[in-house]
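As a basis for the values below, the full set of heavy atoms in this structure was taken, side chains included, without hydrogen atoms, waters or symmetry mates. Start at 1 with the first residue, then count along the sequence. What you are looking at is a predicted structure, and each value in this text was computed from that prediction instead of being measured.
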Amino acid sequence: VNLVQIGAFDSRLCTQAQVAVHSGPRHHSLGVGKAAEQQTANMPADLNGYWKMISNDNFEEYLKALEVNIAIRKIATLLKPDKDIVHNGDHIIIKTLSTFKNYNMDFYVGKEFEEDLSGVDDRKCMTTITWEGDKLVCVQKGEIEGRGWTHWVDGDELHLELRAAGAVCKQVFKKT
């Protein structure tokens, strides 16, 4: 007997991999199949929550690498944006909120999409975000070489490493 058969499972709340695990013949009440164990092992601690910035190292150099004009760079380096993250399986929404500009990313892990970065540096790129162990890794293919970022959680801190054209910015946020 599996969870689908006894009506204790709602597939609308799960990823395709989770549906396959819960409805497959290997899942039963005494254990979990290897696919579920692997998926859980490859996902970090829950990213959900509201996060306040506590440090922002090398941000101006990162913005220079993106060719952001000096006026915007000066304003941006004064800001301490917050992150509001909704993480539901493979669907993640990351809102970066500040008094100057807000930027929203709404994506599915593992699915390439065209990202409009008009809120950042007015470019478009092809973006893919995947799990690498317990880190969420973004690769942005476009005009700027080596562009992307990595998010991971350590205790009650969210770490973000931003990369572009050899410049690296490290930001840390505290969960509120």
Side-chain angles (χ1 to χ4, degrees), residues 15 17-18 37-68 72-176:
T15 65
Q18 289 167 326
E37 289 171 10
Q38 288 171 347
Q39 183 171 2
T40 303
N42 289 332
M43 290 183 66
D46 191 357
L47 296 176
N48 280 300
Y50 199 86
W51 307 83
K52 290 207 163 278
M53 180 180 277
I54 59 174
S55 69
N56 189 7
D57 299 327
N58 208 35
F59 190 52
E60 186 162 8
E61 291 304 312
Y62 169 75
L63 293 175
K64 282 181 187 176
L66 292 177
E67 302 169 357
V68 172
I72 299 296
R73 282 199 320 262
K74 294 302 177 191
I75 292 168
T77 56
L78 296 174
L79 300 174
K80 291 190 106 177
D82 297 337
K83 298 270 184 191
D84 187 8
I85 301 176
V86 177
H87 174 188
N88 184 8
D90 287 340
H91 184 211
I92 300 176
I93 302 169
I94 300 174
K95 295 178 182 177
T96 303
L97 309 168
S98 77
T99 54
F100 181 63
K101 277 188 178 180
N102 296 330
Y103 183 71
N104 297 327
M105 279 193 83
D106 187 333
F107 60 90
Y108 287 86
V109 175
K111 294 186 180 178
E112 185 177 59
F113 63 97
E114 183 178 64
E115 184 176 8
D116 182 354
L117 295 158
S118 57
V120 182
D121 64 343
D122 297 324
R123 289 189 172 92
K124 290 187 178 183
C125 62
M126 294 308 293
T127 299
T128 305
I129 301 164
T130 57
W131 291 113
E132 290 185 13
D134 63 349
K135 295 182 177 183
L136 191 61
V137 178
C138 172
V139 174
Q140 297 166 314
K141 296 177 187 169
E143 294 175 39
I144 304 293
E145 201 60 38
R147 184 174 187 168
W149 51 258
T150 301
H151 264 303
W152 69 96
V153 175
D154 185 8
D156 65 347
E157 292 181 346
L158 174 71
H159 294 259
L160 173 59
E161 181 181 277
L162 299 160
R163 299 174 299 279
V168 178
C169 169
K170 295 185 179 186
Q171 300 178 340
V172 180
F173 300 80
K174 188 105 170 159
K175 194 166 196 173
T176 62

Exercise for the section: Would you indicate whether the side-chain heavy atoms of R147 and D121 approach each other to under 4.5 Å? Expected result: yes

Problem - Partner residues of S118 under the side-chain contact (heavy atoms from CB on, under 4.5 Å) criterion, sequence neighbours left out - result: D116, D122

Exercise for the section: Go through the structure and list residues passing ring pair (Phe, Tyr, Trp, His ring centres under 6.0 Å) with F113, not counting sequence neighbours. Expected result: none

Practice task
Enter the distance from Y103:OH to E115:CD here, rounded to the nearest 0.5 Å.
Solution key: 3.0 Å

Problem - Nearest-0.5 Å distance, CD1 of residue I144 to CG of residue L117 - result: 10.5 Å

Practice task
Please lay out, stage by stage, how L158 and H151 fare under the test side chain to side chain contact (heavy atoms under 4.5 Å, CB included).
Solution key: CA-CA 7 Å; L158 174 71; H151 264 303; 3.6 Å; yes

Practice task
List for me each residue that meets side-chain contact (heavy atoms from CB on, under 4.5 Å) alongside A167, sequence neighbours excluded, and say none if there are none.
Solution key: A65

Practice task
Using a strict 4.0 Å threshold on nitrogen-to-oxygen distance, state whether E67 and R123 make a salt bridge.
Solution key: yes

Handout entry: Side-chain touch E60/K74, heavy atoms, less than 4.5 angstrom
Key = yes

Fill in the blank from the handout: Interatomic distance, CE@M126 vs NZ@K141, rounded to 0.5 Å, equals 8.5 Å

Problem - Residues in side-chain contact (heavy atoms from CB on, under 4.5 Å) contact with L97, at least two apart in sequence or another chain - result: Y50, D84, K95, N102

Exercise for the section: Looking only at non-hydrogen atoms, find the nearest pair between M53 and L79 and report the distance. Expected result: SD-O, 4.4 Å

Problem - Single hit among K135, R163, E161 for side-chain hydrogen bond (donor to acceptor under 3.5 Å, both in side chains) with T150 - result: R163

Exercise for the section: List in chain and number order the residues that pass salt bridge (charged side-chain N to carboxylate O under 4.0 Å, His left out) with K52, two or more places apart in sequence or in another chain; answer none if no residue qualifies. Expected result: D82

Handout entry: Close side-chain approach of V168 and L162, heavy atoms under 4.5 Å
Key = no

Exercise for the section: Walk me through it: do Y62 and Q171 pass the test side chain to side chain contact (heavy atoms under 4.5 Å, CB included)? Expected result: CA-CA 12 Å; Y62 169 75; Q171 300 178 340; over 6 Å; no

Exercise for the section: Kindly check if the number of other-residue, nucleotide or ligand heavy atoms within 6.0 Å of NZ (K175) is above 12? Expected result: yes

Fill in the blank from the handout: Rounded to the nearest 0.5 Å, the CG atom of L160 sits from the CD1 atom of I94 at a distance of 8.0 Å

Practice task
May I have the step-by-step check of side chain to side chain contact (heavy atoms under 4.5 Å, CB included) for T130 and T128, ending in yes or no?
Solution key: CA-CA 7 Å; T130 57; T128 305; 4.1 Å; yes

Exercise for the section: Would you check if the distance from the ring center of H87 to the ring center of W131 is below 6.0 Å? Expected result: yes

Problem - Flag if over 12 foreign heavy atoms under 6.0 Å of CD, E145 - result: no

Handout entry: side chain to side chain contact (heavy atoms under 4.5 Å, CB included) evaluation trace for N56 with K80
Key = CA-CA 8 Å; N56 189 7; K80 291 190 106 177; over 6 Å; no

Practice task
To the nearest 0.5 Å, tell me how far L136 CG sits from W152 CH2.
Solution key: 11.5 Å

Fill in the blank from the handout: For K101, the salt bridge (charged side-chain N to carboxylate O under 4.0 Å, His left out) test, sequence neighbours excluded, returns none

Handout entry: Distance, nearest 0.5 Å, that separates CD1 of I75 from CZ of F100
Key = 4.5 Å

Practice task
Over all heavy atoms of both residues, which pair between E157 and W51 is shortest? Give the atoms and the distance, please.
Solution key: C-CZ3, 3.7 Å

